[in-house]
Amino acid sequence: MLDIRYELTNARKEKPDSSALGFGRHFTDHMFLMNYTEGKGWHDARIVPYADLSLDPATMVFHYAQEMFEGLKAYRTPDGSVQLFRPEKNIERMNRTNDRLCIPEIDPSDALDAIRALVAVDEEWVPSLPGTSLYIRPFIIATDVQLGVHPSKTYLFIIILSPVGSYYKEGINPVKIYVEREYVRAVRGGTGFAKVGGNYANSLIGQRKAESLGYAQVLWLDGVEHKYIDEVGAMNVFFVIDGKVITPTLESGSILPGVTRASCIELLRSLGYTVEERRLSIDEVVDAYHAGKLDEAFGTGTAAVISPIGMLDNTDEKLIVNEGKIGKIAQTLYNTLTGIQWGILPDTFGWTVKVKE
Ligand code: COI
């Protein structure tokens, strides 16, 4: 068990209206902190009142972006208990990201203890309205105070919590997507497979361009040939072509191994669908569309769960997917995943973990 020091506050904040939460705008009463010092390892785990951090302007993370983050959720179930969804998957990925960024690994059981302890302390912040949850944001920053470029010798691991509703204002309604051919999100050998803030900074220009043209997000193509599909916005992407479900393979290293992505693949296979993880070119999608075989397209992620694509703008042509409506497979995935997450459907996969035993 991780040894955590508790410094709890009695000054509780007013809770926001659960029907208008949006995403990531409200934060709970406490946060978790733990320091790393070379030679000493991770130490001083503590849960303290949510507050500003005080950091020297020369703190390394501000300059060289040695930072990683994770995202998962806690859900209120009908019996009033609170559960997590596959937290061990996020923790495994956290350490893969750490390895890529030269950040020291965190013991997976310590990371899980920290998440559960913080959610338990702020449990009353887990909303119960349908479609709402408590978003958990663990992140690590490099804290050495100096400007030479090398891995920091000290770090801060922080967890904050945010009650959330839907990520996109569209919710589960299909979104319009712009096929981006100028900018790329990630390249082979880069950090595409890792959950680093820098990937998201790099993607903002595409998002801004898409929004200025009237689209919700971009479809990212690979960084070498601008031909193969990588991701959609900040999500993994699936296409249903002629009844088969296809999602880009992780082998390129430029795609985030999403927990929702993995869960969709397992769920669909268990339901008897053929799921292919392979390279998928934008041309194959366009050809399938012209042959009347592009059945569905949708993004998957922790924040939005499933986000159907109603239209793809491929520069010279607009592809209307499934008449702009949510498809059968996307709807099945959404209902089943959220059903398991909110404890409404039986968890036959053993994916959920109660916050309190
Ligand atoms: C997710 O789908 O959970 C994401 O990665 C988006 C997040 C950066 C808000």
Side-chain angles (χ1 to χ4, degrees), residues 2 24 27 31-46 48 50-72 87 89-108 110-112 114-115 118 135-162 183-207 220 223 230-231 234 250 252-259 301-303:
L2 178 65
F27 300 95
M31 61 184 179
F32 173 90
L33 298 176
M34 181 161 72
N35 294 79
Y36 177 89
T37 312
E38 197 176 72
K40 194 171 173 186
W42 289 103
H43 60 92
D44 281 329
R46 56 207 185 273
V48 297
Y50 188 96
D52 290 353
L53 301 172
S54 173
L55 294 168
D56 188 293
T59 302
M60 279 186 72
V61 65
F62 296 140
H63 304 276
Y64 308 124
Q66 201 190 2
E67 181 267 0
M68 69 77 52
F69 72 92
E70 266 302 330
L72 66 162
K89 291 267 166 218
N90 293 87
I91 293 168
E92 278 166 25
R93 186 173 66 190
M94 175 178 79
N95 277 326
R96 287 199 302 274
T97 302
N98 286 348
D99 183 53
R100 178 63 179 79
L101 285 196
C102 302
I103 295 173
E105 183 176 320
I106 297 186
D107 181 319
D110 285 353
L112 185 57
I115 291 169
L118 183 65
Y135 186 74
I136 305 169
R137 169 54 62 86
F139 61 109
I140 304 174
I141 56 172
T143 51
D144 276 9
V145 175
Q146 62 87 40
L147 299 181
V149 179
H150 64 68
S152 185
K153 294 180 168 57
T154 61
Y155 297 87
L156 191 56
F157 175 42
I158 308 172
I159 308 173
I160 55 174
L161 307 173
S162 173
Y183 302 111
V184 295
R185 178 191 165 274
V187 291
R188 189 178 282 264
T191 55
F193 71 92
K195 195 111 177 130
V196 308
N199 288 347
Y200 296 78
N202 172 49
S203 74
L204 295 176
I205 194 160
Q207 184 182 331
W220 294 109
D230 267 1
E231 295 192 10
L250 301 178
S252 68
S254 57
I255 292 169
L256 191 81
V259 178
T302 297

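We use all heavy atoms of the structure for the numbers below, so side chains are in, but hydrogens, waters and symmetry mates are not.
Nearest heavy atom pair, residue Y64 against residue L147, reads OH-O, 2.6 Å. Across all non-hydrogen atoms, the minimal contact from P257 to R96 is CG-NH2, 3.7 Å. Residues F62 and P57 share a closest heavy-atom pair of CD1-O, 3.7 Å. L156 approaches W42 most closely through the heavy-atom pair C-CZ3, 4.4 Å. The shortest non-hydrogen separation linking M94 to A111 is CE-CB, 3.8 Å. In this structure, Y135 and G71 approach most closely via the heavy-atom pair OH-CA, 3.2 Å.
Using a 3.5 Å distance cut-off with no hydrogens or angles, the side chains of T37 and T154 do not pair a donor with an acceptor. Side chains of N202 and N199: no donor on one and acceptor on the other come within 3.5 Å.
A heavy-atom distance below 4.5 Å is found between the side chains of I115 and I91. Between N95 and P108 the shortest side-chain heavy-atom distance falls below 4.5 Å. The shortest distance between side-chain heavy atoms of I106 and I140 falls below 4.5 Å. Put simply, the side chain of R188 does not reach to within 4.5 Å of the side chain of S254, judged on heavy atoms. Here the side chains of S162 and R137 are not in contact, with every heavy-atom distance at 4.5 Å or above. The closest side-chain heavy-atom distance from M31 to L53 is below 4.5 Å.
The aromatic rings of Y50 and F27 lie parallel to each other, with less than 30° between the two planes, well short of the 60° mark.
One finds the CZ atom of R185 at 7.0 Å from the CG atom of D230 (value rounded to the nearest 0.5 Å). Here Y155 contributes atom OH and N35 contributes atom CG; the two are 13.0 Å apart, rounded to the nearest 0.5 Å. To the nearest 0.5 Å, atoms CE (M34) and CG (D44) are separated by 10.0 Å. With rounding to the nearest 0.5 Å, the separation of CG in D144 from NZ in K153 is 6.5 Å. Rounded to the nearest 0.5 angstrom, I103 CD1 and F157 CZ are separated by 11.0 Å. The line from CD of Q66 to OG1 of T143 is 9.5 Å long, rounded to the nearest 0.5 Å.
Using modelled atom types, one side-chain atom of E231 and one backbone atom of L256 make a donor-acceptor pair closer than 3.5 Å. Within the 3.5 Å criterion, the main-chain N or O of V145 finds no donor-acceptor partner in the side chain of D56.
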(message) For a side-chain contact (heavy atoms from CB on, under 4.5 Å) check, start with the C-alpha distance between R46 and F32, then their side-chain angles and the critical distance, and finish with the verdict.
(response) CA-CA 6 Å; R46 56 207 185 273; F32 173 90; over 6 Å; no
(request) Using the side-chain contact (heavy atoms from CB on, under 4.5 Å) rule, take Y183 and S203 through it: C-alpha gap first, then chi angles, then the decisive distance, then the call. (result) CA-CA 8 Å; Y183 302 111; S203 74; over 6 Å; no
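Among the candidates R93, K89, K195, the single residue satisfying the side-chain hydrogen bond (donor to acceptor under 3.5 Å, both in side chains) test with E70 is R93. Looking at N98, T191, I141 one by one, the single match for side chain to side chain contact (heavy atoms under 4.5 Å, CB included) with M68 turns out to be N98. Partner P138 forms a side chain to side chain contact (heavy atoms under 4.5 Å, CB included) with one of I158, N90, L72 and no other, that one being L72.
Ring centroid separation for the pair Y200 and F69 comes in under the 6.0 Å cut-off.
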